[in-house]
Amino acid sequence: MELSDTNLQTLTEYLKKTLDPDPAVRRPAEKFLESVEGSQNYPLLLLTLLEKSQENVIKVCASVTFKNYIKRNWRIVEDEPNKICESDRIAIKANIVPLMLSSPEQIQKQLSDAISIIGREDFPQKWPDLLTEMVNRFQSGDFHVINGVLRTAHSLFKRYRHEFKSNELWTEIKLVLDAFALPLTNLFKATIELCSTHANDASALKVLFSSLILIAKLFYSLNFQDLPEFFEDNMETWMTNFHSLLTLDNKLLQTDDEEEAGLLELLKSQICDNAALYAQKYDEEFQPYLPRFVTAIWNLLVTTGQEVKYDLLVSNAIQFLASVCERPHYKHLFEDQNTLTSICEKVIVPNMEFRAADEEAFEDNSEEYIRRDLEGSDIDTRRRAACDLVRGLCKFFEGPVTGIFSGYVNSMLQEYAKNPSVNWKHKDAAIYLVTSLASKAQTQKHGITQANELVNLTEFFVNHIQPDLKSATVNEFPVLKADGIKYIMIFRNQVPKEQLLMSIPLLINHLQAESIVVHTYAAHALERLFTMRGTNNTTLITAAEMAPFVEVLLTNLFKALTLPGSSENEYIMKAIMRSFSLLQESIIPYIPSVITQLTQKLLAVSKNPSKPHFNHYMFESICLSIRITCKANPEAVGSFEEALFLVFTEILQNDVQEFIPYVFQVMSLLLEMHKSEIPSSYMALFPHLLQPVLWERTGNIPPLVRLLQAFLERGASTIASAAADKIPGLLGVFQKLIASKANDHQGFYLLNSIIEHMPPESVDQYRKQIFILLFQRLQNSKTTKFIKSFLVFINLYCIRYGALALQEIFDSIQPKMFGMVLEKIIIPEIQKVSGQVEKKICAVGITKILTECPPMMDTEYTKLWIPLLQALIGLFELPEDDTIPDEEHFIDIEDTPGYQTAFSQLAFAGKKEHDPVGQMVNNPRIHLAQSLHKLSTACPGRVLSMLSTSLNAEALQYLQGYLQAASVSLL
Amino acid sequence: KHGQRMRKFKNKGKDAAALRMQRVEVSIELRKAKKDEQILKRRNISLDVKEGSVSPGQDRPDEVIQLSLEEIAEAVNGNNPKLQLLATRVARRLLSKQKDPPINQIIELGIIPRMVEFLSGADNAALQFEAAWALTNIASGTSEHTRAVVEGGAIPALISLLSSPHMHISEQSVWALGNIAGDGPVYRDALINRDVIPSLLALVSPVTPVGFLRNITWTLSNLCRNKNPYPPLDAVQKILPVLVCLIQHEDKDIIIDSCWAVSYLTDGSNDRIQLVVDTGVLPRLVELMASTHLMVLTPALRAIGNVVTGTDQQTQAAIDAGVLAVLPSLLRHTKPTIQKEAAWTLSNIAAGPCQQIQQLITCGLLPPLVELLDKGDFKAQKEGVWVVANFTTGGTVDQVVELVRSGVLKPLLNLLSAKDSKTILIILDTLSNLFVAAEKLGETEKLCLLVEELDGLEKIEDLQNHENNMIYRAALNIIEKYFSGEENSDLEPQTGQDGLYDFSVKKQDFDF
């Protein structure tokens, strides 16, 4: 491509087309530009256009196109062709800085970005004169140009803030410091002087302050990795000026905008960051300056208004104080009672006040409000910063701070009492203050876990919280209602049970509040109270205690779902689930109405599932309805199927991906409820469940395996007779699962069910292949999880088909295979098996190998007999895995593994643990003793002599115990 | 990834050498040269009042004569011994000014070779002395200045003056040679090759005056100093026995400089550390670590800190010498650099086998460590984080439990808001180690709650927005693995004609 007018013309045309709203025009133009961007001179043509085009829109478009071109092509990737020819690279680097500096701001920003992309690759080695070129511009006196340079420098240097220390990085920083630090310092000083000479010129000040902000940002980047010698030597200059800027105010710089931070705020905020950086990292050197900054920042806080535009500045400033006040050697700066009082009064209390913006959010953006207030995504808010400062101060001054605040709390409550409708915000602040003062540690699951003992939480609750909630008008002072409910919720572990019980009807009543925040909090509080643990792992609040409230609770919960804005309110749905789980059979009378409402809801949300938590709890609630009802009346399963299958079919047909895993789980639950042979309505579905497309979605795997297991349990013989041609497909699913390290245990669940339930002849021809497959995994990529599942499986196989069959099939795959598996896998790894049922299966299986497998007695495998017995005794005598699984009632969705990766296990669809050995063997130790006895009778003397010669003494002692307990002896 | 972590865990102690970090990865310094390091070069300054004591009775203020630089050059180059002495003394006096000595101007006069000649004039002791002093002060300047002296041929002349019958001349030569050695490895080795060591060592005797002994010790320390390359091994072996005697001296300055010398000798490969360990000096160093004088304690701590970067046996020698008993108070020292070096030392002990970690626990190092992490200076906190990281990598599950019990988690999680990417990453790695241990105990849930309670979860979640990719990934990994999360592999079946998975395998030979 020549640098010709024709080409410029053509390029202009195409650029114009890329702005066309019609894709038919836009796309080809974009394609064309992409196809020519490899040509020499293309970037230079763009640069020419962005400089010289007559049309501003083309200039801007060319600058954006240029930046994107640089972004895509500048980096030279090893083994890939260089996408920009060398002469273009040189020309770009030679021209871009002056071009950027002479361009209007809109274009300047694009070019500045481009420079930083190039700089990231080429600077400093391949662009040695960049720094000098930039620094020279500082002399220009033109602050438009200077700001361009500073902005570019900022985009080049800001990576120093997050990259790891390395020789390469530090060499670059050193180079930058050598060339840049002094000019920057001089510029800083000069700019500040200009600020005072132009103190009355608003437009000049704006430009100058933009420079100062950039300079302060550069200071942060250059000082981030370590304290450079230059800046240590010039600390006086920088810090004195930073300090005076913090205290500076100029009417001309104040903005009318309430929301957007102005230049002054941005600058001060950055200075707070800079001071915080020095205070944290270079404390030793910064110490002499720190007290001054503490005073300045605190004065700043005292004088800064409540407007939103100051939020960032205020929270940065408070965080600075919070980080300093908990350091032992600065304790003295805060120690004085007057200082503490003044911080509490002038900094903390004002920033805890409920502001107009909060009120707006409370009413109009309640979801956001709840997220901030309840879930703690309030990191940058003033309230949060103030809270952190309280916590920081409490580290050394808990007593005095609590004392000071008690005074404030009382006076604020008095203010409120004088005229509640006008002064309700005072009470809000009082509650917030008490909360932040009292809470020392908190989790979502348990609320406050450590409280300040100097605060009497129960007294405050009884005197100031309960009265509000007892008021007959649920819609009055919604903010205070929300505060009160939240108080119950977070201090639920500190407030005595009788108080909580008294609160329950109040909370139920507030489910009717119009305010979304209020009824959401009420639902959430109930849900949290219902999950509290009492003694003996039961719930603190019992179903009996709830009996008088069942009807009103259910009615109000479902009614709350019809309130505007709460049709898919996850807190309410979760409360429904938890109520069902707590109330159990007392909900049965209401089930017909409940299940209708839930199905309608399900139908409605399946059109466009958007609230994953809501949906999850809804399915949990459905499962609970089924379980609770069918437990009392198994016949009821039919009516649930009737109510649900229509919606389920629709979900499956429309492939509503979010819901399919849930549907499979509910179906499993229903199928397992059937006592007799599998209904034909289910059988028709069977072939569809083997479709690979379903198994490609990881979220489907666990529920589908579960469903197939239910099919095998209830209908193995039907499958063998009516769907024998689908058996390879079923095993194919097993193979698919076993291939994955993440899903292999699911493959084993399936395989175990196949072996346990399918008639032997129906799988006979596949058995060898199954083992080959397993051995392959064992050989190529074994994991502990795989080995554990494998051990359980082969022992189950042994129980089902006999020890001899196991040995024969192993050795038919490869000679001496059985011995190898015993020696290399079973004996060394058996102790890894965990879980009671799993251990039992292994014990019974190994007992069979020891006592019912002739080759163990009369071939070379005999040498493994004692080691195997020893391993078995080890399995018995290892300390039991005594971790008790969470009772399902307490389970939180967040606890179920893999929630975020599409599979949501329904806790209440959970099946009982299945024990394939069951009653056949009650006590595996006795069983071993009896089996050994039988063996010794068959070949007298052999067993005894093996035991006496090689079994170690400890194991022998255990064994004798088993024999004694079984009242048998060996011959 | 998981496998790798497991391996790291199983091999605890085995690849301690790999864990053990002499963290000098970055040779570039942005910081000011450290103020508490030993001085490389020193000028012999004549303070007007004390003049007499430095140069025995030669300079009385009334005798001071002013000469211009040209006059000095002329006189030095001339043949009049009296004028030579006079001019050299004037030059020396200029060079001994408290402020701004005119070193460059004197060099530019081109009189250095001439002064070197004066050194050999055994018949004129006064001139010898003045010349040696002048050269000492020239050599005390920049590298340029030192080079001027060396290139003027001063080295052999100064070395032979060591055996001058006049003690003050011998002493001045020691000083001059110290400045030359202090310039860097090249001149240091030039001196060693000229056999400076035997002559220097010969000056050490029970009757050597303390002041003289101080100078000798300082020069010896400069002969041990600097890397790239290190001083030759045989030179080190010659110096060490004398150094070990000097370090037992009661004079503070002699102790300080001999400690520095030992610290230089230990700042190297393990075989160099071994030479020092073999002298049996470690108990003395540990004793000096407990000194109340910062100047003594600093190099002693440095030396021991270097020793524990060595092999497990060398580290054990330091432990046996009692280092763990003195570290607690150093971790609580008011001076941040001491906290930092103490924590660095501890981090290398924590990188050892679990037996050494156990000693660290038994000797009560955990409480001061937690305190340091909580309230220490940031530099020290960074090192403290390394201690914890190494501890959790090499410690047994029981030891890790002990660590968590000591309350390390809270300050560690607080440091996730540190403004230092590496520190954040190491903390995240450490947390992964802790979770692995918790998994083994079946207490993952408990640890999750604890992390959340201490506001750690919020911080880790926040780090998912960190600009640094590795930090972002490490944070994400922890969140996914422990606060939600899942993974994948091969052996996949094909889809058959019926549209279902094909169940088939090829047989291979198995050997487990």
- Considering residues, nucleotides and ligands other than B/Tyr472, do more than 12 of their heavy atoms fall under 6.0 Å from its OH? no
- Note on the structure: Bottom line for B/Ile424: the part with an atom under 4.5 Å from chain A's heavy atoms is neither
- Item | Electrostatic pair A/Lys158:B/Glu467 at N-O distance under 4.0 angstrom | no
- Could you tell me the separation between the CZ atom of A/Phe164 and the CG atom of B/Asn469, rounded to the nearest 0.5 Å? 9.5 Å
- Task: Answer yes or no: is there a side-chain heavy-atom contact under 4.5 Å between A/Glu285 and B/Lys32?
- Result: no
- Side chain, backbone, both or neither: which part of A/Tyr330 has an atom under 4.5 Å from a heavy atom of chain B? neither
- How about B/Phe378 and A/Asp283: do any of their side-chain heavy atoms sit closer than 4.5 Å? no
- Item | Top contributor to chain B contacts, counting heavy-atom pairs under 4.5 Å, from A/Pro687, A/Pro692, A/Pro228 | A/Pro692
- Task: Answer yes or no: are there more than 12 heavy-atom neighbours, outside B/Met470 itself, under 6.0 Å from its atom CE?
- Result: no
- Item | A/Lys165 side chain to B/Lys422 backbone, donor-acceptor under 3.5 Å | no
- So which of A/Glu168, A/Lys824, A/Gln280, A/Met820 has the largest heavy-atom pair count under 4.5 angstrom toward chain B? A/Gln280
- Interface residue of largest heavy-atom contact number with chain B, from A/Leu177, A/Val693, A/Ile727, A/Leu690, under 4.5 Å: A/Leu690
- Note on the structure: Ranked by heavy-atom pairs below 4.5 Å to chain B, first place among A/Ile825, A/Asp226, A/Leu737 goes to A/Asp226
- Between A/Leu731 and chain B, which part of the residue has a heavy atom less than 4.5 Å away: side chain, backbone, both or neither? both
- Considering all heavy atoms, the nearest A/Glu163-B/Asn468 contact: CA-ND2, 3.8 Å
- Item | Side chain / backbone / both / neither for A/Tyr766 at chain B, heavy atoms under 4.5 Å | both
- Nearest heavy-atom neighbours spanning B/Ser421 and A/Arg161: OG-O, 4.1 Å
- Task: Heavy atoms only: give me the nearest B/Asp377-A/Glu284 pair and the separation to one decimal.
- Result: OD1-N, 4.1 Å
- Rounded to the nearest 0.5 Å, the NZ atom of A/Lys281 sits from the OG1 atom of B/Thr423 at a distance of 7.5 Å
- Who among B/Gln381, B/Glu461, B/Lys419, B/Lys375 has the most heavy-atom pairs with chain A under 4.5 Å? B/Lys419
- Task: Can you tell which part of A/Ile770 gets under 4.5 Å to a heavy atom of chain B, answering side chain, backbone, both or neither?
- Result: both
- For the candidates A/Met817, A/Lys768, A/Arg327, which exhibits the highest count of non-hydrogen atom pairs separated by less than 4.5 Å from chain B? A/Met817
- Task: Answer whether the closest heavy-atom distance between the side chains of A/Tyr282 and B/Arg31 falls below 4.5 Å.
- Result: yes
- List the steps and the verdict of salt bridge (Lys or Arg N to Asp or Glu O under 4.0 Å) for B/Lys410 and A/Glu326. CA-CA 14 Å; B/Lys410 187 179 168 64; A/Glu326 54 180 44; over 6 Å; no
- Query: Where does A/Lys816 contact chain B at under 4.5 Å (heavy atoms): side chain, backbone, both or neither?
  - Reply: neither
- Answer with side chain, backbone, both or neither: which region of B/Asn414 has an atom nearer than 4.5 Å to a non-hydrogen atom of chain A? neither
